[in-house]
Amino acid sequence: MKTILVFREEKFAWAHEAFPFVHPLLLPLCNKPYIEYPLDLAILAGSTAVRIVCDGRLDAVESYCEDGSRWGIDLSYAHMHPEDSDEILLGKNRRFCGDERIMIVRGFCFFVYNKRFDYKSEAASLPECKWAACPAGGSITLYGAPVTPRKDGKDAPMSIVPLDGMANYYRASMEALETGADNYVLPGYGVEPGCAIGRNVVMSKSVQIRKPVNIGNNVQLLGDTIIGPSAIIGSNVIIDRQSVVESSIVLDNTYIGEHLEVNGRVASGNMLNDPVSGASIVMEDPHLLSGIRESEILSTLPRKLTHALIALLFIVVLSFPFLLFAMLLRIGGLWKSSRIECHSEKPGKTISLDNIELDVKKPLGAIAAALSMDRYPMLFRVLTGQLSLIGSTARVAEAKHPNTPSSSLAYRPAVFSYAEAEEWPTTGGDAAIVERYHLAHSNAAADVGLVFKAFINNFHKKSSA
Amino acid sequence: MKFTLDNIDGKLVGIAELEGRLDARNGKSLKKIFLEWLEMTPLTVFDCSRLDFIDSSGLGAIVGCLRNALEKEGDVRLAGLNAKVAMVFELTQAKRLFSIFDNRDEAAASFAATAGSGTGQ
């Protein structure tokens, strides 16, 4: 059994307009990209090879799905003309089809199925027919002679909902959320039924989670937020203090500001959509709703320049104490220096940093630590742009915690950390909260104040220790 | 911003027509001119049927007007919010502060139906 998934660009043109940052076939539906649902269906129906055919570009889909090995199938891609019928498609792809039974799945649709049923034997035993169809153009058609006789008379449920606009997209997502892991193959850790949470999710103790909810990876839920019921939170999302997200979808890379109520909406970046009326607004207030994106040159340049200038000031002012302390501490054996590889701001890259250990039990070592002498060599990295003066605590590069593009959105290795400036714990979830908050809100001017605050806090902490 | 006074069952109700965008650029001028309108009547309807866009500054200006009106035992009622503007009021929970009507006539008539001071619905 092989499957051909057929998509026509005009059927998902609305999704291109509504969500311009993602290919429609990769649009998150519940907590995984849309394309995985028809792929799951093909696999449930017993397909060993699937071909995705489209009259538009598939580059993004191809780089996401690759050769299908992660699903244990052979996945290939082909182009078609918009008017190609099933017969023409079978002819154009006859080498792929061979003499096997073929299932052609057409349309940008949501396929309502239940993974607990036996689709494999049903697909193998049905005669050539339209297995399912909807008036809006979605269909599943079987070609070729049945492979095996029918084992039992129990029909597996199958219906098709066309994803022809925001309203049906919203309904399909909610259907996947509410039936959840019972019917579909959904990723995430199932803490309990109706609640799936991804990796690196940090939430304050005061957050309320009301099932069913689905939360993606790298999500920050700040104090007193209420999530759910029926909330789908994508990856790289921050929900700021005292906001409520109910019966809504918050797509990837979205920041929801403080004290907001998102109810029955689809939020994507700085866009808020009403699936019922079809109305959408683009938020111009960064503190209401905004997109979280990788830093761009124009926005980072003033920050980098400011950081470099302040770093230069620190270098000049602390140069004499550094030379003095470094010499005395080295002579006294209280200064141990080594190199460590840390994650860089750029995904997948590392940076080699000086790791200076001071013996703070001795008065001289304690004074040097209070003056942040152990960080002095790192200040030069700020001048070269490899480090920020204030940001996240540099993370040691480890294979089990790679620096992916998504995790790097909330990571900016620095000499001082925002957690130090705010006198928060400098490691773990609490540090992650404050660092992510400032990375979303910071600007060059605010950073200057926070750098001095971090330096003074460090001085008090180390000198009183 | 056009402002007219209507006599609804013996009560003077001000009708202010908001147009185009209400944001940081014109929010302050609304708050300023509203103080002049308050001298004429504490009961005001903001007709938003021609308001295309509002941001948090504009919203802040409208809430500021409401606060001033309440201090004078009056009220600000909203009418004719389009879907986009309504979404901002819902998102920020500001709709809880205001009585919102489909059109300006209903909003103005609501002042006649209630005692002088109004409270949000």
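By convention in this document, chain letters (A, B, ...) are assigned in the order of the sequence lines, proteins followed by strands, and residues within each chain are numbered from 1.
Ion pairing between a basic and an acidic side chain is recognised when a charged N comes within 4.0 Å of a carboxylate O; B/R96 and A/E261 show such pairing.
With a 4.5 Å cut-off on non-hydrogen atoms, A/S243 does not touch chain B at all.
A distance-only check finds no donor-acceptor pair linking the side chain of B/E90 to the backbone of A/N263 [under 3.5 Å].
The residue from A/N273, A/I281, A/V262 that alone fulfils the side chain to side chain contact (heavy atoms under 4.5 Å, CB included) condition with B/M87 is A/I281.
Atom NZ of A/K304 has more than 12 heavy atoms from other residues, nucleotides or ligands within 6.0 Å.
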